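Residue numbers begin at 1 in each chain, while the letters A, B, ... track the order of the sequences. Worth saying up front: this structure is predicted, and the values here are computed from it rather than measured.
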Number of protein chains: 2
Amino acid sequence: MEYKDAKDKFIQTWGSLGSLWGINKAMAQIHALLLISPEPLSMEDVMEELHISRGNTSMNLRQLIDWGIVFKTSKAGERKEYFTSEKDVNELARQIARERSRREIQPTLKVLKEVSNIEDNGTAETKEFIKQTKALHELADTADSILNRVVNQESNWLTKTFIKLLK
Amino acid sequence: MEYKDAKDKFIQTWGSLGSLWGINKAMAQIHALLLISPEPLSMEDVMEELHISRGNTSMNLRQLIDWGIVFKTSKAGERKEYFTSEKDVNELARQIARERSRREIQPTLKVLKEVSNIEDNGTAETKEFIKQTKALHELADTADSILNRVVNQESNWLTKTFIKLLK
DNA sequence: TTAAAGTTTCAATAATTTTTGAAAGTTTGA
DNA sequence: TCAAACTTTCAAAAATTATTGAAACTTTAA
């Protein structure tokens, strides 16, 4: 396979994958492009490479910066802003884990705690409801703790842990 | 909070959460409803509770069955089909982990392996591309192995592992 | 068989999400 | 201070995704 085809395929794949770690296609594609680019890219560069509009590029770059996985840089003597992504994939994973915990798991835990607190009036319905929402709360809590481990340890924790578990 | 409110809130929350573990709102809401229902429900029951159409209910129930987290049951002497969900949340987590590995991670690994295999022609571009896609492949591989652990062990592996890690 | 009960399919429609592009806003060098 | 270079905003349009509902299909009891 040629570099050009491989690059397109990678960007395409990463883009459709995005929708399932909770970000849109353009955002994931911009990220993919920056990840494999040896040099920072300008907004124009991104627009041209991905054939997307200026507004779209601007908004999605901002979101990537919000997620903490893309950074603004400037080139000496140039007015234009350049963008580059976190290049260390372990650090990338940590950052994503951190954001997903904050954006998704924490709010869910809050709701689960709240709803599982209703008074048990003795009916099968409320008994089952309380039992199941409590069980989900516990599960989500465990998942979150594991994510936080990933976030707070050195960046190759994931690999180390896995190796340890194999023994 | 009243049972009714808590129930609505739970179904609502689970529904919007669905979009981020890769299933649509109706599908997640049906799952939530079955999860907290002490008795199996008919298609009519689900339609009424969630105010969704027959077609929608039918299609989403089928998908939930495909995912392996909802089952058809029949009541003695009744023609109608009833549906019930996997009630053990650990088993639920295992099943979801299994499906996500199969549907998402495996195909991604395949593409990453393929594209990282281009010939290094010595340019900065191909060097960076190969380096980064290989690193992603390794990361995804580790993540997948961990998921498979979850899938293949007894259902409270997750909890046990976590407790062990705390020590 | 038959017809009633129940389920599935799918084209049309609705709802939601993403994208565009031009105007407004900001920054900076002279 | 000005104006060129660049970025952001956001209402409208496009694209995508989900939902409906009625017809087609399937199953079963008599």
Side-chain angles (χ1 to χ4, degrees), chain A residues 11-34 40-67 70-85 103-104, chain B residues 11-34 39-67 70-84 103-104:
Chain A
I11 290 174
Q12 194 49 51
T13 303
W14 209 242
S16 39
L17 217 62
S19 64
L20 51 77
W21 50 280
I23 68 176
N24 75 37
K25 200 179 75 176
M27 190 170 153
Q29 287 184 340
I30 294 172
H31 176 249
L33 178 63
L34 293 175
L41 300 181
S42 70
M43 209 151 85
E44 299 278 340
D45 294 335
V46 173
M47 287 167 60
E48 273 177 31
E49 288 264 11
L50 302 179
H51 308 287
I52 58 178
S53 72
R54 187 174 297 282
N56 202 359
T57 307
S58 171
M59 289 180 104
N60 283 302
L61 275 171
R62 188 149 50 76
Q63 280 207 76
L64 285 164
I65 291 168
D66 269 2
W67 269 72
V70 161
F71 314 106
K72 275 188 189 174
T73 64
S74 28
K75 283 192 181 172
E78 282 213 50
R79 184 126 147 217
K80 218 183 288 184
E81 284 172 333
Y82 286 80
F83 301 89
T84 189
S85 98
R103 294 170 194 237
E104 296 154 23
Chain B
I11 290 174
Q12 193 50 50
T13 303
W14 209 242
S16 39
L17 217 62
S19 64
L20 51 75
W21 49 282
I23 68 176
N24 75 37
K25 200 178 74 173
M27 190 170 152
Q29 287 185 339
I30 294 172
H31 176 249
L33 178 63
L34 293 176
E39 296 298 324
L41 300 181
S42 69
M43 208 151 83
E44 300 276 341
D45 293 335
V46 173
M47 289 167 58
E48 273 177 32
E49 289 264 11
L50 302 178
H51 307 288
I52 58 178
S53 72
R54 188 174 297 282
N56 203 0
T57 306
S58 172
M59 289 181 103
N60 284 301
L61 275 171
R62 189 149 49 75
Q63 281 207 76
L64 285 165
I65 291 169
D66 269 2
W67 268 73
V70 161
F71 314 106
K72 275 189 189 173
T73 63
S74 28
K75 283 192 180 172
E78 280 212 52
R79 184 124 147 218
K80 217 182 289 184
E81 285 173 332
Y82 286 80
F83 301 89
T84 189
R103 294 169 193 237
E104 296 153 21

Worksheet item: Rounded to the nearest Å, what distance is computed from the CD atom of residue B:Glu81 to the P atom of nucleotide D:dC25?
Response: 19 Å
Worksheet, complete the sentence: Residues B:Ala32 and B:Trp14: closest non-hydrogen pair is CB-CD1, 3.5 Å
Shorter than 3.5 Å, N or O on both sides, protein versus nucleotides 20-22 of chain D: list them out with atom names.
| unit_1 | atom_1 | unit_2 | atom_2 | d |
| --- | --- | --- | --- | --- |
| D:dT20 | OP2 | B:Ser53 | N | 2.6 |
| D:dT20 | OP2 | B:Ser53 | OG | 3.0 |
| D:dT20 | OP2 | B:Asn56 | ND2 | 3.2 |

Worksheet entry | Step-by-step side chain to side chain contact (heavy atoms under 4.5 Å, CB included) determination, A:Asn60 to A:Ile52 | CA-CA 11 Å; A:Asn60 283 302; A:Ile52 58 178; 5.6 Å; no
Worksheet, complete the sentence: B:Tyr82 and B:Asp45 have their tightest heavy-atom pair at CE2-OD2, 4.4 Å
Worksheet item: Could you give the CG-to-C1' distance, from B:Leu61 to C:dT9, as a whole number of Å?
Response: 15 Å
Item to complete: Could you check how far CD of B:Gln63 sits from C1' of C:dC10, rounded to whole Å?
Response: 15 Å
Practice prompt. Starting at atom CD1 of A:Ile65, determine the distance to atom C1' of D:dT8, rounded to an integer number of angstrom.
Written response: 12 Å
Fill in: Length of the CZ-C1' vector between B:Arg62 and D:dC25, whole Å
13 Å
Discussion item. Checking B:Leu61 against B:Leu34 for the side chain to side chain contact (heavy atoms under 4.5 Å, CB included) test, could you report, in this order, the C-alpha distance in whole Å, the side-chain angles of both residues, the deciding distance, and whether it holds?
Written reply: CA-CA 10 Å; B:Leu61 275 171; B:Leu34 293 176; 4.1 Å; yes
Practice prompt. Evaluate the side-chain proximity of A:Met47 to A:Arg54: yes if any heavy-atom separation is below 4.5 Å, no if none is.
Written response: yes
Response to the item:
Ranking D:dT19, C:dT8, D:dT8 by distance to the side chain of A:Lys72, first place goes to D:dT8
Response to the item:
Residues A:Ile65 and A:Phe83: closest non-hydrogen pair is CD1-CE2, 4.0 Å
Worksheet item: Reading nucleotides 25-30 of chain C 5' to 3', which nucleotides get B (base under 4.0 Å from a protein heavy atom), which S (sugar-phosphate only), which -?
Response: --BB--
Worksheet item: Just how far, in rounded Å, is P of D:dA4 from NZ of A:Lys80?
Response: 18 Å
Discussion item. To check you understand the geometry: which heavy-atom pair defines the closest contact between B:Leu33 and B:Val46, and what is its length?
Written reply: CD2-CA, 4.1 Å
Worksheet item: Expressed in angstrom and rounded to an integer, what is the separation of A:Phe83 atom CZ from D:dC6 atom C1'?
Response: 10 Å
Worksheet item: Between atom CG in A:Asn60 and atom P in C:dT17, what is the gap in whole Å?
Response: 15 Å
Fill in: A:Asn56 side, atom CG; A:Asn24 side, atom CG - distance, nearest 0.5 Å
7.0 Å
Practice prompt. Compare all side-chain heavy atoms of B:Glu81 with those of B:Met43 and state whether any distance is below 4.5 angstrom.
Written response: no
Response to the item:
B:Ile11 and B:Gln29 have their tightest heavy-atom pair at O-CG, 3.6 Å
Worksheet item: Which residues within residues 25-33 of chain A lie with some heavy atom under 4.0 Å of an atom in DNA chain C?
Response: A:Ala26
Response to the item:
Heavy atoms of A:Arg103 and A:Trp67 approach each other most closely as NH1-NE1, 3.2 Å
